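Okay, so here's the structure we're looking at.
Everything numeric in this text was worked out from a predicted model, so none of it was measured. Note that ligands are numbered from 1 as they come in the structure, with each ligand's atoms numbered from 1 the same way.
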Amino acid sequence: ALYSLTTCMAIAVAFLFNDLFHPGRPGLIPLPESTGQEVAAITVSLKDTLMNIVPDNFLGAFVASDMMQVMFLAIVVGIAMGRMGKYSESVSHFIDSANNLFGTITAMLTKLLPFAVFGSIASMTVSLDFAAVKVLAKWTGACLCALLSMLFIYLLLLAVLGRLNPMKFIRKFSPATFTGFVTSSSNATMPTTMESCRRLGIAPKIYSFSIPLGANVNMDGTAIMFTLTTLFVAGLYGVTVEGSALASLVSTIVMLSFAMPGVPGAGTACMVLLFSIVGIPPEAMSLVIGAIPLIELFMTAGNVTGDGVVSTIVA
Ligand code: ASP
């Protein structure tokens with residue numbers, strides 16, 4: 001519950017900074033041409049959105065790449081498997097293998113990412129003027145300020161809920177925050193995070209559960225980046241995110257932060273999915289993909305710090 005609470009707070013902070021900085025407006029940047037998927041105005045009602053989460057057929061959800069439907073199916077399958085007794089073992093084995101298969105394919109593709117980023121930034125630099133660079137800097141600045149504000153919220157939570165002097169936390173936990181920053185991976189940082197928790201005096205029975213859990217389900221920094229980036233790009237495309245699109249966006253960000261692994265590039269890989277929810281073409285990724293690795297350093301530091309803060313409060 002605490003992990004979900006901090007994620008919701010992170011999303012709220014991101015909305016606040018989007019309103020303060022207002023980095024995305026139509027006409028600021030030449031937009032990449034869409035090669036198919038059009039920008040659709042969001043006119044669907046909340047009722048339709050909820051009804052649409054239930055797919056007509058199992059495979060249709062995958063064929064249409066409708067992530068809300070896929071997540072709905074995942075939950076239904078999970079509940080059903082919990083009731084299947086011994087048969088669930090083989091299904092679970094199959095799902096694990098499929099998870100591994102797609103994870104391996106993604107890892108193979110991610111190796112090409114540096115070339116994609118190089119190409120994307122090179123072509124962007126050619127076509128962008130200084131004013132456009134300023135626009136991107138504003139969005140990056142909004143992300144960094146929101147992440148910094150989240151840090152203050154953490155310290156406040158520590159003082160109020162954890163009754164701990166925040167300075168003590170900063171002193172003992174900073175190695176984990178810095179390791180998160182340099183590795184861009186909550187998972188790779190886990191040993192340092194646990195060591196920092198030990199130095200804070202947290203009992204091993206608490207942190208040996210809360211840190212691995214948090215490294216995989218608690219992504220406050222990523223939630224901030226997700227929210228601000230989607231709103232920024234939506235602004236550039238003149239798409240207003242409200243009503244059902246807003247509800248889908250927020251719930252998907254919460255679910256993604258639960259489902260995403262704490263490895264480098266995980267958030268970047270999921271970004272397009274959020275674009276599709278608000279009706280932005282996937283090509284828009286080329287606008288932001290160059291700066292996300294920089295933001296990822298800070299957001300992973302935020303993700304790791306969030307895990308430590310919640311563990312400390314629980315302890
Ligand atoms: N790199 C992040 C982490 O490990 C995950 C992400 O890409 O958002 O926490």
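Considering both main-chain and side-chain atoms, Asn187 never comes within under 3.5 Å of ligand 1 through any nitrogen or oxygen pair. Considering backbone and side-chain atoms together, Gly267 places an N or O closer than 3.5 Å to an N or O of ligand 1. Checked against a 3.5 angstrom limit, the closest N/O atoms of Thr268 and ligand 1 fall outside it. Polar contact check, Met299 against ligand 1: no nitrogen or oxygen pair lies under 3.5 Å apart. Residue contacts with ligand 1: Val263 is placed with a nitrogen or oxygen under 3.5 Å of a nitrogen or oxygen of the ligand (distance criterion only).
Clustering ILVMFWY residues whenever any of their side-chain heavy atoms sit less than 4.5 angstrom apart, transitively, puts Ile75 in a cluster other than the one holding Val217.
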| Met150 and Ile224: CA distance, side-chain angles, deciding distance, side chain to side chain contact (heavy atoms under 4.5 Å, CB included) verdict | CA-CA 9 Å; Met150 198 58 208; Ile224 286 178; 3.9 Å; yes
| Trace of the side chain to side chain contact (heavy atoms under 4.5 Å, CB included) decision for Tyr3 with Ser210 | CA-CA 10 Å; Tyr3 280 147; Ser210 66; 3.9 Å; yes
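Close approach to Met260 involves these atoms of ligand 1, each under 4.0 Å from a residue heavy atom: 8 (O). Counting atoms of ligand 1 from 1 in the listed order, those under 4.0 Å from a heavy atom of Glu296 are 1 (N), 2 (C), 6 (C), 7 (O). Close approach of ligand 1 to Thr300 (heavy-atom distance below 4.0 Å) involves ligand atoms 1 (N), 2 (C), 3 (C), 4 (O), 9 (O). In the vicinity of Thr222, heavy-atom distances shorter than 4.0 Å reach the ligand 1 atoms 6 (C), 8 (O).
With a 4.0 Å cut-off on non-hydrogen atoms, Ala266 touches ligand 1 through its backbone as well as its side chain. At a heavy-atom distance under 4.0 Å, no atom of Met225 approaches ligand 1. Contacts between Val304 and ligand 1 below 4.0 angstrom, taking non-hydrogen atoms only, are absent altogether.
Ser186 N, 2.7 Å is the protein heavy atom nearest to atom 4 (O) of ligand 1.
Between the CG atom of Leu147 and the OG atom of Ser149 there is a distance of 8.5 Å, given to the nearest 0.5 Å. Taken to the nearest 0.5 Å, the SG atom of Cys145 stands 12.0 Å off from the NZ atom of Lys138.
Asn18 and Thr227 share no donor-acceptor pair across their side chains, judged by distance under 3.5 Å alone. Checked by atom type, the side-chain pair Asp220/Tyr154 shows a donor-acceptor distance below 3.5 Å. In the model, Thr189 has a side-chain atom that pairs as donor or acceptor with a side-chain atom of Thr183 under 3.5 Å.
Below 30°, between 30° and 60°, or above 60°: for Phe169 and Phe173 the angle between ring planes is below 30°, a parallel geometry.
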